[in-house]
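Inspection log for the structure reproduced underneath, given as structure tokens.
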Amino acid sequence: MTAPPEIYLETGERLAEQRRLGSDVEDAGLIARSRHEPDAFTGIYDRYFPVIHRYVAGRLGPQAADDLAAEAFLVAFRKRDRFDPERGTVRPWLFGIATNLVAQHRRAEVRHFRALARTGAEPAAESHENRVLTAVTAARLQPQLAHALTLLSQQERDVVLLVASGELSHQEIATALAIPNGTVRSRLSRARKTLRAALAHEGIPASE
Amino acid sequence: VNDTDLQMFQPLFTEPEPAPQVVAAGRARLQHSYQRPGFRLPRVRLPVLASLGVAATATAVVVVAVGTAATNPQPRGGRGATLHLSASQVLLTAARTVASLPAAQPSPRQWLLIRSVEYQAGAKTATSLEWTTFNGVRSAYYQAGKLVMHSAPVPAAITGGSPMGAYDVLRKLPPYPRALLAALGRVSAGQVIADGTTQARVWQNIVQLLWNSPVAAPSKQQAEIFLALTKIPGLRVERVNDALGKPAIGLYLPAAGHSDLLLDPHTYQVVGRLSISNGRYTKAEREMARIKKFTLYPAGTITWSIARSTTPVSGPGQS
């Protein structure tokens, strides 16, 4: 007999939450251990390097990400004594460190998004339905999205991309960037206005 | 709070997992930081992209100097600035571009003129013209002003090394990225693999097949190939000049050596190849170079580059 979907989903969500809490506790334990056994920190590195690398690569390009993602873990390792599990989990803490490093390369980031914005100059492929075109539909929006991001301030871009790539909550972003929750909301609000205007100009409707 | 509207920016984060070498290098750097007592991390240095750009420009100067000194009056195959795009972003654009091209498969007996310009560090740039039928059975070239014709037995000619053979291998690759890459891993292209990894083998094989197929692959299949290549971790892209000095997009996989496949920046067709020295030589190689008076090139020097164009023609000797 199949369980009702509602019950299945609820159970699934609860299990996911339990797993997440479990890994948060495990992360905090690794950081605590690493204060005396530095090698324990490689557990944090192995778990989060790919996601931090992807985040930095999306903002600065993969070549810069190789260096900067590794740099983020060096910084995190140096600051491990200051990590407080009461204030937040390891994931947003690492995203915050990576974001601060990206901020030191803001001109490179703008160059990266401008280059990306130029890649779609040619018209879209003819409208025959095939899998290839379906697969690149999202990519077709890349130039416009990249252009819109260049119109944001560095601080607005940080919060937008922490939501989009890091999938962090407002509270996690506040912890990551060491800013009040209200500031996160106001930066997102300003960013949304700019993005809506820019995307509407390109003919892309932004959902509410 | 619902932030789903911002998920539209996720396509900008399409990079595949970092290559195992990159993960290992970062871990080694981390371990090194605490295995040296008293070691202090330096402050974050100059922007990485900017410094890479400077390095690339410096390399271009070196390469031009090598080319000029070595009998070639024109700078050939210079490296340009770092491209501020990831390989997957370039490949997605390439897939979109080639998917819209008309599919045109030549007939087996169609003659093709393949014009190549080859640069080798320390030697003159050489231009060659070769005519071949699409099935590779007949070929021709000029020698001492005379057109020399060759014929090969049909079964021997139609292999992965002939235009039609390579075209067929590419055409028959499965259309889904994972299956396509798995199939490429099984193809034998007779290449020496730099570090023996599967990804390196897949990359070497696709480079060889694309190179062996001067008329590329059916357009949709070529788009599938570009899409599949976005799944290879660690693939790099750079802006380079081909052997004719024309700008091109260079794709390379560091695990398979610094050997670029060059794409035209507008049509995304394969237009050349290029090898760059990593400056690392074994003791035996250094000794051999000393005895044979070979030149050992410093890291970043373009040691070999070839630009190629293919045109359908009415017969051998025609252009």
Side-chain angles (χ1 to χ4, degrees), chain A residues 38-39 41-42 45-46 49-50 53-55 57-58 60-71 73-75 77-78 101 104-105 107-108 111-112 115-116 119-120 122 124-126 130-133 135-136 138-142 145-146 149 160-161 163-165 170 188 192 206-208, chain B residues 1-19 22-23 25-27 29-31 33-35 40-41 44 47-50 52 82-90 92-93 95-101 175-177 220 223-224 226-227 234-238 266:
Chain A
D39 248 352
F41 202 83
T42 56
Y45 176 89
D46 290 339
F49 183 79
H53 185 277
R54 186 178 299 126
Y55 171 66
L60 292 173
Q63 280 161 326
D66 291 354
D67 187 45
L68 269 199
E71 188 84 38
F73 283 87
L74 288 177
V75 174
F77 179 74
R78 267 195 317 184
L101 289 176
Q104 295 174 34
H105 299 249
R107 274 185 289 186
R111 277 201 300 273
H112 170 69
L116 195 51
T119 60
E122 72 275 18
E126 63 190 64
N130 64 44
R131 216 181 50 75
V132 172
L133 291 183
V136 298
R140 205 167 57 204
L141 292 178
Q142 275 188 353
L145 296 175
L149 285 175
V160 166
L161 295 182
V163 170
S165 167
H170 292 189
L188 272 176
R192 275 196 171 92
S207 56
E208 292 299 318
Chain B
V1 183
N2 186 356
D3 286 328
T4 50
D5 57 330
L6 298 179
Q7 302 307 315
M8 69 160 67
F9 289 96
Q10 282 184 343
L12 298 172
F13 296 87
T14 53
E15 271 302 293
E17 296 272 301
V22 171
V23 180
R27 192 189 297 108
R29 203 169 147 193
L30 174 66
Q31 288 169 329
S33 74
Y34 55 73
Q35 283 166 355
R40 280 186 64 81
L41 291 167
V44 175
V48 176
L49 287 172
L52 281 173
T82 299
L83 217 55
H84 295 292
L85 292 172
S86 70
S88 57
Q89 285 156 351
V90 167
L92 283 169
T93 306
R96 190 179 72 212
T97 306
V98 299
S100 64
L101 296 175
Y176 297 96
K220 284 182 191 170
E224 294 281 5
F226 285 143
L227 285 181
L235 203 61
R236 290 282 177 262
V237 63
E238 60 187 349
H266 303 292

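Just so you know, these numbers use all the heavy atoms, side chains as well, and skip hydrogens, waters and symmetry mates. Every chain is numbered from 1, with letters handed out A, B, ... down the list of sequences. All of these numbers come straight from a predicted model, not from anything done at the bench.
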Check your understanding: Does some side-chain heavy atom of Phe9(B) sit less than 4.5 Å from a side-chain heavy atom of Val163(A)?
Key -> no
Distance col, row Asp66(A):CG vs Arg29(B):CZ, nearest 0.5 angstrom, shows 10.0 Å
Taking every heavy atom of Ala70(A) against every heavy atom of Gly26(B), the minimum-distance pair comes out as CB-CA, 3.9 Å
Nearest heavy-atom approach of Ala164(A) to Leu6(B) is CB-O, 3.3 Å
Answer key: most heavy-atom pairs under 4.5 Å with chain B among Ala57(A), Ala69(A), Ser165(A) is Ser165(A)
Bottom line for Arg27(B): the part with an atom under 4.5 Å from chain A's heavy atoms is both
Ser88(B) meets the side-chain hydrogen bond (donor to acceptor under 3.5 Å, both in side chains) criterion, sequence neighbours left out, with Glu15(B), Ser86(B)
Sorted by chain and number, sequence neighbours left out, side-chain hydrogen bond (donor to acceptor under 3.5 Å, both in side chains) with Tyr45(A) holds for none
